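Letters go in sequence order (proteins before strands), and every chain restarts at 1. This one's a predicted model, so the numbers in the text were calculated from it and none came from an experiment.
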Number of protein chains: 2
Amino acid sequence: MTGAGTRDTVTSHAVLDTALTLFAERGYHGTALSQIAEALEVRTPSLYNHMRSKQELLQTIVADTVRGVLDDFHAATEGRIEPVDRLYHAVLVYARRHATHRREAIVVNRDTSSLEEPFRSQMQALRREHEHALRAIISDGVAAGRFAVDSPALASFAIREMCVSIARWYQDDGPIGPEQVAREYTEFALDIVGLGRIGS
Amino acid sequence: MTGAGTRDTVTSHAVLDTALTLFAERGYHGTALSQIAEALEVRTPSLYNHMRSKQELLQTIVADTVRGVLDDFHAATEGRIEPVDRLYHAVLVYARRHATHRREAIVVNRDTSSLEEPFRSQMQALRREHEHALRAIISDGVAAGRFAVDSPALASFAIREMCVSIARWYQDDGPIGPEQVAREYTEFALDIVGLGRIGS
DNA sequence: CTCGCTCCCTAGCGAGCGTTAGTCAGTGGG
DNA sequence: CCCACTGACTAACGCTCGCTAGGGAGCGAG
């Protein structure tokens, strides 16, 4: 029926994956479809059997990633009430994701501006949702006397972007695993909101 | 002699400045020379009276910025011996620079990969110089018992990238000035290296 | 006034881009 | 065994890119 058969062929997933790698490496505008095709050992027009356009590739990557971040966040924080507990798990999954999904993170953070409207605005709204949710945890923690920061907005920016940047230096074949990085960075986050100064 | 006269004309500095703005907005590959020309109210080929190539614009931006970061660092740390003192001032100038030179920071961090070799490698080497210098301060502080971190490398990555990201959210017309942001972020950096846990 | 320089202009080159049309070989189902 | 279909191919489209060539207007210096 939907047979890929034994013939040498290419799947939609393979196209998306290769695009992801190249977009992360050279950026959306810096990557030509001919390069994606070459990496798949196929002629450029053949890509159109597996996608609608170059822009659609970027949209799929961004949408999937942003959705994943939000799902992660809710799964990690739901049922937890203590601000320390909520922040701990929110940062843990966020940091871990940036070690395990490096390419996605790089593309989303660099090339969201290359998305066509109105898709771009929709994605930015979703990103702000996560940003506001994290900031709310910090604000709640300050109000409850568990955290000590002058500006929850600044602290939440610092924590978020610190995690995002993991994608820029982390190496899969390095000496340190995603879980370990995530834990260390979560420690940093708790330091930033002043847990070390207050004492847990 | 080198007269711009009273005629409506354009300077090399204006071209570089407009390129900087547009590169920061849409990226190097996402910006066409025609867009730079349009912003300057000039036809595209006229740009070549003030530059040699599009690539040269990027090289100038990156070189000037990287050089500035390194100069800042040395000016801020020279003569200081105490790790806390050195880290404090190193982070202060680094964070401040990313609030006052947002466009430069965005371009350097996003588009260094669009530099042609061997220039790209040279710039990356200079960037690593700053990275290693900051890491050395942390390592020294740990050895001296002033800081407490498991991995100086991780802490230095976190601090650096946290500062870099200021460029991505800071607004010149916002309620908070560069100096204030820099001070807050320097506090965060000291938290990360464990000053809050040890006590100053 | 005139010479020479600066700098913008129009015209156009060659290359590469994303994308479409139309063809055909190989494959699995009946 | 044949037929329909998937998915690769070649050819070519219109467009935009970075960049060059060559001409001409405005300016300061003498």
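- When each of C:dC7, D:dA8, D:dC17 is scored by its nearest atom to the side-chain atoms of A:Ser46, the top-ranked nucleotide is D:dA8.
- Whole-Å rounding puts the A:Met51 CE to D:dA8 P distance at 12 Å.
- We find that A:Asp17 and A:Arg103 are joined by a salt bridge, their nearest charged nitrogen and carboxylate oxygen being less than 4.0 Å apart.
- A:Thr77 OG1 to A:Ile137 CD1: the interatomic distance, rounded to the nearest 0.5 Å, is 6.0 Å.
- Distance, A:Gln55 CD to C:dC17 C1': 15 Å, rounded to whole Å.
- Under 4.0 Å is where a charged nitrogen must lie from a carboxylate oxygen, and between A:Glu104 and A:Arg97 no such pair does.
- The residue B:Ser12 sits apart from the nucleic acid: no heavy atom pair falls under 4.0 Å.
- Atom CD of B:Glu56 is separated from atom C1' of D:dG18 by 14 Å (rounded to the nearest Å).
- Put simply, CG on B:Leu47 is 13 Å from P on D:dT20, counting in whole angstrom units.
- A straight line from NZ of A:Lys54 to P of C:dG16 spans 15 Å, rounded to a whole angstrom.
- Closest to the A:Tyr48 side chain, of the nucleotides C:dA11, C:dC17, C:dT20, is C:dT20.
- Residue B:Ile138 comes nearest to B:Phe147 through the heavy atom pair O-CD1, 3.6 Å, listed as atom of the first residue, atom of the second, then distance.
- Distances shorter than 4.0 Å separate some side-chain N or O of A:Ser34 from OP1 or OP2 on C:dC17.
- Put simply, CD on B:Glu116 is 13 Å from P on D:dG18, counting in whole angstrom units.
- Note: CD (A:Glu41) to P (D:dA8) measures 13 Å, nearest angstrom.
- An OP1 or OP2 oxygen of D:dA8 is reached within less than 4.0 angstrom by a side-chain nitrogen or oxygen of A:His50.
- For the pair A:Glu38 CD and C:dG16 P, the interatomic distance rounds to 13 Å; values are reported in whole Å.
- Closest to the A:Leu33 side chain, of the nucleotides C:dT19, C:dA11, C:dC8, is C:dT19.
- With A:Glu131 as the fixed residue, the side chain to side chain donor-acceptor pair (under 3.5 Å) test singles out one of A:Arg127, A:Arg128, A:Arg135: A:Arg135.
- Here the side chain of A:Thr44 is nearest to one of D:dG7, C:dT19, C:dC8, namely C:dT19.
- When distances are taken from the side chain of A:Asn49 to each of C:dT20, D:dG7, D:dA21, the shortest belongs to D:dG7.
- Considering only the side chain of B:Val42, C:dC9 comes nearest among C:dT19, D:dC9, C:dC9.
- The side chain of B:Ala32 sits closest to D:dG18 out of C:dC7, D:dG18, D:dC9.
- Here the side chain of B:Arg43 is nearest to one of D:dA8, C:dT10, C:dG18, namely C:dT10.
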